[in-house]
Peer 1: 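Sharing a structure with you now.
What's counted below: heavy atoms across the whole structure, side chains too, no hydrogens, waters or symmetry copies. Bear in mind the structure is a predicted one, so any value in this text is a computation, not a measurement.
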Amino acid sequence: MKVVIIGGVAGGATAAARLRRLNEAAEIVIIERTGYVSYANCGLPYYIGGVITDRAKLTLQTPESFWDRFRIDVRVRQEAVSIDRGARTVSIRRLDDGGVYAERYDKLILSPGARPVDPGVPGTDSERLFTLRTVEDTFRIHDFVEREHPQTATIVGGGFIGLEMAENLRERGLDVTVVQRGSHLMPTLDQDMAAILHNHLRKHGIRVLLDANVAGFSALNGGIRTALAEGAPLDADLAIMAVGVAPESTLAREAGLELGLRGAIKVDEHLRTSDPDIYAVGDAIEVKHAVTGKPALIALAGPANKQGRIAADNICGIDRTFKGSQGSSVLKMFDLTVATTGLTLRAAQAAGLAADAVVLTPANHATYYPGSESLVMKVVFEQNTGRILGAQIVGGAGSDKRIDVIATAIRAGMDATDLTELDLAYAPPYASAKDPVNMAGYLIENILEGRVEQVGWSEALELAACEHGSEAGPVLLDTRTADEVARGSVEGALHVPLDELRERLDELPSGRRLLVFCQSGLRSYVACRILTQHGFSCANVSGGYGFLEQTLRDSALPPSGTGPCGRQV
């Protein structure tokens, strides 16, 4: 059996190694158009930033090491230009001399990856405008920074690559501006959670421009100008274009293979294309979203590795299926961790699910043990079943651990009650006896069982502020201590500390709904239980005042601490 693999890195290289472990007699050929067949794709920004200093560390395997260990024929700087499905051959061009030859196959695996999106604006051929996708791209940017010593950079795009480049260039001392077309960075976050990230970037000296459309690029004397559709242009010493990627499916399309979402290669659960002798893996394929069951594009290294292994298994006669991807990811941003899995609340609602979310701000470990840090967690659930649909965590140490637990719970189809019962490791330096994951389950369970109602801050501010002065309108009730309130609160909110609430019930307006908040949402929940049992109508404000503080400062929200209808915060 002869297997030809087009493209290396995560999917193709993994498939090749698995094929060899399963079949010692197979002839295996990898065709890779760059000069590197297996490299640390996700580590590329950190070489530019100087965190990784040895170029050789970026290369996981070379053509020579593949041959020595696996007897796999790896041909770099060669590009597959066409597929003759009838003859079962691939036409391949040698990039060094332009020569073209045909390579026969019994089975073919397509792992071409994705290409940077072209925004279709003038000036993208500027020598000071870079994209980051390959090792060669990395070396070009790194060498430019070393040679030219730039002082300023414009990053267009606020996804993984754009933000990692912003962090690494800022760490090298550059003044960095991030330009984002949408209303918030990181599409894997809801806007309220992204606001925490925005503020963290600004804290570290990075300028963030939201709802900004790039109109083009032009050369300056020793620099590059980024023109915006509205507002003043941005002048910098270099610019990075990181507006996303698109499936590299040209070869598949020209071969007549069936395509799906945004031109991605359509595959079945065994990762076979519409041609039974051709498989496809990685960023170029359409997958099933593990939560919605609908087609999705998820360009991440983890799924690509799994797909490479599964394709190899099926070629070797092992019946293995890919059950979908939920897009679990984690991002380091200076001393902050941004971790996500599954659906955002916005995505869940857009998919037609009856979804809601809880926000909590627990400590990452026992607070009496030194060094505890806050986590902001948003957990999305299905209202009628309690099934966990997704989660977002922004915080310090332990964020990655919790997102992995919730990712596992999602894959297992768990609901809120299941989260409460998870038996998770505990010691004071690592967690609390009731882990944040358990706490998220308790919050959702209380809502589903009718023990408490909740409202988000945007709704609470709108309801209370717009009804300000109305005898029938809702009233904000702050249950924090006097010292906490002295450091900041919401204009017009009543203040009754939780520990005094039972004795001061007669001070509360009868017949009006109380929107109760504390610093994190826990004491206000206790307050709601007290109030409900004394005949008051109340709702707990999700996330507490701490969450409001972290999100209201974002430029996407009303300026100068002003809530809806002019209420000051």
Peer 1: For Gly12, does its backbone N or O pair with a side-chain atom of Ser111 as donor and acceptor, under 3.5 Å?
Peer 2: yes
Peer 1: Is any side-chain heavy atom of Val541 less than 4.5 Å from a side-chain heavy atom of Leu548?
Peer 2: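 The answer is no, as the side chains (C-beta and beyond) never meet within the 4.5 Å cut-off.
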Peer 1: Taking the side chain as everything from C-beta on, heavy atoms only, tell me whether Ile48 gets closer than 4.5 Å to Met165.
Peer 2: yes
Peer 1: Specify the closest pair of heavy atoms between Gly342 and Ile410, including all atoms of both residues, with the distance to one decimal.
Peer 2: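 Reported closest heavy-atom pair: CA-CD1, 4.4 Å.
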Peer 1: Has the side chain of Arg402 got a donor or acceptor atom that lies under 3.5 Å from a matching backbone atom of Asn364?
Peer 2: yes
Peer 1: Under the ring-ring contact (aromatic ring centres under 6.0 Å, His included) rule, collect the residues that match up with His289, sequence neighbours excluded.
Peer 2: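 Expected list: none.
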Peer 1: Do Val359 and Trp457 have side-chain heavy atoms sitting under 4.5 Å apart?
Peer 2: no
Peer 1: Ignoring hydrogens, what is the shortest heavy-atom contact between Ile285 and Ala264? Give both atom names and the distance.
Peer 2: C-CB, 3.8 Å
Peer 1: What distance do Ile155 atom CD1 and Thr177 atom OG1 have between them, rounded to the nearest 0.5 Å?
Peer 2: 9.0 Å
Peer 1: Do Leu209 and Leu228 come close enough that some side-chain heavy atom pair is under 4.5 Å?
Peer 2: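 Touching, per the 4.5 Å side-chain cut-off.
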Peer 1: Report yes if some heavy atom in the side chain of Ile406 is under 4.5 Å from a heavy atom in the side chain of Met377; otherwise report no.
Peer 2: yes
Peer 1: Return the CD1 to CG distance between Ile196 and Leu201, rounded to the nearest 0.5 Å.
Peer 2: 12.0 Å
Peer 1: Has Arg140 got its NZ or CZ under 6.0 Å from the middle of the six-membered ring of Phe130, at an angle within 45 degrees of the ring axis?
Peer 2: no
Peer 1: For the residue pair Ala194 and Leu189, what are the closest heavy atoms and their distance?
Peer 2: CA-CD1, 3.8 Å
Peer 1: What is the minimum heavy-atom distance between Ala304 and Gly282, and which atoms define it?
Peer 2: CB-CA, 3.8 Å
Peer 1: Under a 3.5 Å distance rule, please check whether Arg202 uses its side chain to pair with a backbone N or O of Ile206 as donor and acceptor.
Peer 2: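 No; judged by distance alone, with no hydrogens or angles, the pair does not exist.
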Peer 1: Check whether any side-chain heavy atom of Asp335 lies under 4.5 Å from a side-chain heavy atom of His200, and answer yes or no.
Peer 2: yes
Peer 1: Has the side chain of Gln307 got a donor or acceptor atom that lies under 3.5 Å from a matching backbone atom of Phe322?
Peer 2: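 Not at all, since once roles are kept as given, no pair shorter than 3.5 Å links the two residues.
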Peer 1: Between the main-chain N or O of Ala219 and the side-chain N or O of Ser126, is there a donor-acceptor pair closer than 3.5 Å?
Peer 2: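 No.
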Peer 1: Tell me if a side-chain donor or acceptor on Tyr545 pairs with a main-chain N or O of Ser489 at a distance below 3.5 Å.
Peer 2: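 Judged by distance alone, yes, a pair lies under 3.5 Å.
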Peer 1: Using modelled atom types and a 3.5 Å cut-off, is there a donor and acceptor pairing between side-chain atoms of Thr53 and backbone atoms of Gly50?
Peer 2: no
Peer 1: Does any pair with a residue in residues 224-246 pass side-chain hydrogen bond (donor to acceptor under 3.5 Å, both in side chains), and if so which ones, sequence neighbours excluded?
Peer 2: Thr152-Asp237, Arg225-Asp235
Peer 1: Does His149 have any ring-ring contact (aromatic ring centres under 6.0 Å, His included) partners at least two apart in sequence or in another chain, and if so, which?
Peer 2: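 If we apply the ring-ring contact (aromatic ring centres under 6.0 Å, His included) test to His149, skipping adjacent residues, there are no hits.
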Peer 1: Main chain of Asp415, side chain of Asp418: is a donor-acceptor contact present, judged purely on distance under 3.5 Å?
Peer 2: yes
Peer 1: Given side-chain contact (heavy atoms from CB on, under 4.5 Å), test Leu132 with Glu164 step by step and report yes or no.
Peer 2: CA-CA 11 Å; Leu132 179 59; Glu164 287 172 348; over 6 Å; no
Peer 1: Which pair of non-hydrogen atoms, one from Gly263 and one from Ser249, has the smallest distance, and what is that distance?
Peer 2: O-OG, 2.5 Å
Peer 1: Between Thr138 and Thr134, is there a donor-acceptor pair closer than 3.5 Å when you use the side chain of the first and the backbone of the second?
Peer 2: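 Yes; judged by distance alone, with no hydrogens or angles, the pair exists.
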Peer 1: Under 4.5 Å between any side-chain heavy atoms of Ile388 and Ile444, yes or no?
Peer 2: yes
Peer 1: Can you check whether Leu210 reaches Leu185 side chain to side chain, under 4.5 Å on heavy atoms?
Peer 2: yes
Peer 1: Rounded to the nearest 0.5 Å, what's the gap from CD1 on Ile403 to CG on Asp400? Could you check?
Peer 2: 9.5 Å
Peer 1: Relative to each other, are the rings of His204 and Phe334 parallel, tilted or perpendicular (30° and 60° limits)?
Peer 2: parallel
Peer 1: Roughly how far, to the nearest 0.5 Å, is OH of Tyr525 from CG of Asn540?
Peer 2: 9.5 Å
Peer 1: Applying side-chain contact (heavy atoms from CB on, under 4.5 Å), run through Val394 and Leu197 and close with a yes or a no.
Peer 2: CA-CA 8 Å; Val394 179; Leu197 174 61; 5.5 Å; no
Peer 1: Does the pair Thr340 and Ser329 meet the rule for a side chain to side chain donor-acceptor pair (under 3.5 Å), with working shown?
Peer 2: CA-CA 5 Å; Thr340 65; Ser329 67; 2.9 Å; yes
Peer 1: Do Leu44 and Asp137 pass the side-chain contact (heavy atoms from CB on, under 4.5 Å) test, and can you show the C-alpha distance, the side-chain angles, and the key distance before you say yes or no?
Peer 2: CA-CA 9 Å; Leu44 300 182; Asp137 295 336; over 6 Å; no
Peer 1: Measure the OG1-CZ distance between Thr131 and Arg115 for me, rounded to the nearest 0.5 Å.
Peer 2: 12.5 Å
Peer 1: Kindly compute the distance separating CG (Leu343) from CG (Leu353), expressed to the nearest 0.5 Å.
Peer 2: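 Going from CG on Leu343 over to CG on Leu353, the span is 6.5 Å.
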Peer 1: I'd like to know if the side chain of Ser399 and the backbone of Gly396 have a donor-acceptor N/O pair within less than 3.5 Å.
Peer 2: yes
Peer 1: If you measure from the Lys or Arg side-chain nitrogens to the Asp or Glu carboxylate oxygens, is any gap between Arg487 and Asp478 under 4.0 Å?
Peer 2: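 No, no charged N to carboxylate O under 4.0 Å.
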Peer 1: Please walk me through it: do Val243 and Arg181 pass side-chain contact (heavy atoms from CB on, under 4.5 Å)?
Peer 2: CA-CA 9 Å; Val243 295; Arg181 183 175 61 181; over 6 Å; no
Peer 1: Answer yes when Glu484 and Arg523 have at least one side-chain N-carboxylate O distance shorter than 4.0 Å, and no when they do not.
Peer 2: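 A salt bridge is present here (some side-chain N lies under 4.0 Å from a carboxylate O).
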Peer 1: Check the pair Glu248 / Arg133 against salt bridge (charged side-chain N to carboxylate O under 4.0 Å, His left out), numbers first and verdict last.
Peer 2: CA-CA 12 Å; Glu248 182 57 274; Arg133 189 69 186 165; over 6 Å; no
Peer 1: Counting only heavy atoms not in Phe144, do more than 12 sit closer than 6.0 Å to its CZ atom?
Peer 2: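 Count over threshold, so yes.
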Peer 1: According to the salt bridge (charged side-chain N to carboxylate O under 4.0 Å, His left out) rule, which pairs have a member within residues 185-197, sequence neighbours left out?
Peer 2: Asp190-Lys378, Asp192-Lys378
Peer 1: Taking ring-ring contact (aromatic ring centres under 6.0 Å, His included) as the cut-off, I'd like each qualifying pair that reaches into residues 372-414, sequence neighbours left out, listed once.
Peer 2: none
Peer 1: Out of Arg262, Lys294, Lys266, which one pairs with Glu286 under the salt bridge (charged side-chain N to carboxylate O under 4.0 Å, His left out) rule?
Peer 2: Lys266
Peer 1: How close do Gly49 and Arg172 get, heavy atom to heavy atom, and via which atoms?
Peer 2: O-CG, 3.7 Å
Peer 1: Could you give all pairs that pass the salt bridge (charged side-chain N to carboxylate O under 4.0 Å, His left out) test and reach residues 383-393, with sequence neighbours left out?
Peer 2: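 Non-adjacent pairs meeting salt bridge (charged side-chain N to carboxylate O under 4.0 Å, His left out): Glu382-Arg387.
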